[in-house]
Amino acid sequence: MLIRRTKGWEIPESKATSESHFLNRRAMVRAMGLGAASLALPGQLMAQDKAADPSAGLYPAKRNDKYGVPTPMTAEKLATTYNNFYEFGTDKSIWRDAQKLEVRPWTIKVGGMVEKPFEIGIDDLLAKVQLEERVYRFRCVETWSMIVPWSGFPVRSLVELCKPLGSAKFMVMKTLSRPSVMREQRDLLYPWPYTEGLAMDEAMNDLAFIATGLYGKPLPKQNGAPLRLMAPWKYGFKNVKSIVSVEFTDKKPKTFWEGLQSSEYGFWANVNPEVAHPRWSQATEKPLGSDQRIPTLLYNGYAEFVAGLYANRKAEKLFM
Ligand SMILES: Nc1nc2c(c(=O)[nH]1)N[C@H]1C(S)=C(S)[C@@H](COP(=O)(O)O)O[C@H]1N2
Ligand SMILES: [Mo]
């Protein structure tokens, strides 16, 4: 029954409403029925946030180009006004609703198979890590893609702070529960909170990143402030936003998408152009802002860094 509900993710992006719709500000304002008093542009809203955000001074961070600097960069306005964040709604234009999310104070709870469970505030966490900027390719399972500069720190730095037991096999991350502003969380047919995870060797891989910034500024709320996962060799849905819980376990976690539709979305979710989604091809992708589709790359172009992780996992469904 769940799987028969028609939602945005059930159709490939190419068949969904064209994103130009979301970029026409007048159309957007009209569609949202906003009055003149609330005609703020994304840029203005973000400038206000920056003033209020105690971490604003940490950005921009020094760029690390070790994993390449793919081009062309996606326009900031596109990456920050075309989003998937189902807690706020099932269409791509949730950026404005997401501004209601308060990201201070923000506490991350660390537990499960660790030496000692603890909680840490986001600004204390930011003080303990070395921020850097990485320009990564990003590929949504719906076949749209982007190239954006994330700021943040390696997942490995977070793992080291958490001190998991040697017997832990997976790292599980969950999004905030706050139905008062994350209105879709009132719909109990979804397996909230949004849950994702990595195997420990994936979490320790150089490429696995926690993003806390975007385009040289603190992460916009719609992109998952104040911290979200960024594993660029996997489909976009792995990259859980607005994390409040990090747990270590020896059992493979059941993720949000597996809970919704396990025949189509699995745990590993590595990008592979040769393995089609049950309802559409993954061979090509449409960069945000472009009319032309381009070929999708194995592991989203990051095979040299991550293919080795899967050498002994060939029996698993690595590409869904
Ligand atoms: N909590 C949460 N995290 C999430 C999602 C979501 O709906 N909720 N959507 C995922 C999907 S499907 C994609 S493609 C990316 C989109 O990230 P972006 O909006 O920053 O481009 O976030 C991922 N992380
Ligand atoms: Mo996605």
Side-chain angles (χ1 to χ4, degrees), residues 2-4 6-19 67-68 70-74 78-79 82-86 90-92 135-148 150 194 196-199 202 205 207-209 228-241 252 254-311 313-320:
L2 260 180
I3 59 169
R4 292 272 53 94
T6 306
K7 294 282 188 185
W9 61 78
E10 292 199 345
I11 48 172
E13 198 44 39
S14 52
K15 295 206 178 93
T17 321
S18 105
E19 56 268 61
Y67 315 103
T71 55
M73 191 93 88
T74 301
L78 276 171
Y82 185 94
N83 301 97
N84 276 336
F85 203 161
Y86 294 118
T90 50
D91 62 61
K92 297 287 187 281
V135 182
Y136 275 164
R137 275 183 289 272
F138 177 100
R139 171 63 157 76
C140 172
V141 76
E142 299 166 320
T143 83
W144 56 271
S145 66
M146 61 183 184
I147 295 173
V148 297
W150 303 104
Y194 199 100
E196 265 301 343
L198 296 172
E202 293 182 315
N205 185 275
L207 220 52
F209 202 57
R228 58 98 56 93
L229 180 61
M230 192 43 59
W233 70 99
K234 294 179 177 286
Y235 288 115
F237 67 82
K238 289 298 293 182
N239 299 307
V240 48
K241 295 179 168 181
K252 186 150 50 124
K254 185 156 173 194
T255 63
F256 179 82
W257 283 99
E258 282 182 288
L260 270 176
Q261 209 149 332
S262 61
S263 61
E264 302 194 349
Y265 304 101
F267 178 79
W268 300 101
N270 296 308
V271 175
N272 187 335
E274 292 178 5
V275 179
H277 183 277
R279 288 178 287 119
W280 60 84
S281 165
Q282 295 290 20
T284 63
E285 64 197 52
K286 191 169 158 313
L288 289 186
S290 161
D291 298 331
Q292 252 148 47
R293 302 188 72 84
I294 58 171
T296 286
L297 303 170
L298 181 62
Y299 294 108
N300 202 24
Y302 296 103
E304 63 176 301
F305 305 109
V306 298
L309 291 169
Y310 306 102
R313 289 179 167 135
K314 299 269 193 259
E316 311 248 354
K317 288 183 172 166
L318 293 174
F319 304 108
M320 64 159 270

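Note that the structure is a prediction, hence the values are computed from the model and not measured.
Here Arg279 pairs with Glu264 in a salt bridge; the nearest charged N to carboxylate O distance falls below 4.0 Å.
A distance of 5.5 Å separates CG of Leu288 from OG1 of Thr74, quoted to the nearest 0.5 Å. In this structure, CD on Glu202 lies 11.0 Å from CG on Leu207, to the nearest 0.5 angstrom. Distance CE/Met320 to OG/Ser263: 7.0 Å, rounded to 0.5 Å.
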The test is side chain to side chain contact (heavy atoms under 4.5 Å, CB included); show your working for Thr284 and Ile294 and say whether it passes.
CA-CA 5 Å; Thr284 63; Ile294 58 171; over 6 Å; no
Kindly determine whether Glu285 and Thr143 satisfy side-chain hydrogen bond (donor to acceptor under 3.5 Å, both in side chains), including the steps that lead there.
CA-CA 5 Å; Glu285 64 197 52; Thr143 83; over 6 Å; no
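Note that Arg137 lies in the cation-pi zone of Tyr302, set by a 6.0 Å cut-off to the ring centre and a 45° limit from the axis.
Between Val141 and Gln282 there is a side-chain heavy-atom pair separated by less than 4.5 Å. At least one side-chain heavy atom of Arg139 sits less than 4.5 Å from a side-chain heavy atom of Ser145. Here the side chains of Phe85 and Arg228 are not in contact, with every heavy-atom distance at 4.5 Å or above. Val135 has its side chain out of reach of Val148: every pair of non-hydrogen atoms, C-beta onward, lies at least 4.5 Å apart.
A donor-acceptor contact shorter than 3.5 Å is absent between the side chain of Thr71 and the backbone of Met73. Side chain of Lys241 to main chain of Asn84: a donor-acceptor pair is present (N/O by atom type, distance under 3.5 Å, no hydrogens or angles). Between the side chain of Asn272 and the main chain of Leu298, no donor-acceptor pair closer than 3.5 Å is present.
Residues satisfying the side-chain contact (heavy atoms from CB on, under 4.5 Å) criterion with Thr255, sequence neighbours excluded, are Glu196, Lys238, Glu258, Phe267. Take Tyr299 and apply the side-chain contact (heavy atoms from CB on, under 4.5 Å) test, not counting sequence neighbours, and it matches Trp233, Asn270, Ala303, Val306, Ala307, Tyr310, Phe319. Scanning for side-chain contact (heavy atoms from CB on, under 4.5 Å) contacts around Glu316 gives Lys252, Trp268, Arg313, Leu318, with sequence neighbours left out. Under the side chain to side chain donor-acceptor pair (under 3.5 Å) criterion, Ser281 pairs with no residue, sequence neighbours left out. Under the side-chain contact (heavy atoms from CB on, under 4.5 Å) criterion, Ala276 pairs with no residue at all, not counting sequence neighbours. Every residue two or more places apart in sequence or in another chain that forms a ring pair (Phe, Tyr, Trp, His ring centres under 6.0 Å) with Phe138 is listed here: Trp144.
Side-chain rings of Tyr194 and Tyr86 stay apart, their centers remaining 6.0 Å or farther from each other.
Relative ring orientation between Phe209 and Tyr136 is described as perpendicular, the plane-to-plane angle rising above 60° on a 0-90° scale split at 30° and 60°.
Using modelled atom types and a 3.5 Å distance limit, the side chains of Lys92 and Asn83 yield no donor-acceptor pair. Side-chain contact of Trp257 with Tyr235: a donor-acceptor pair under 3.5 Å is absent, judged by distance alone.
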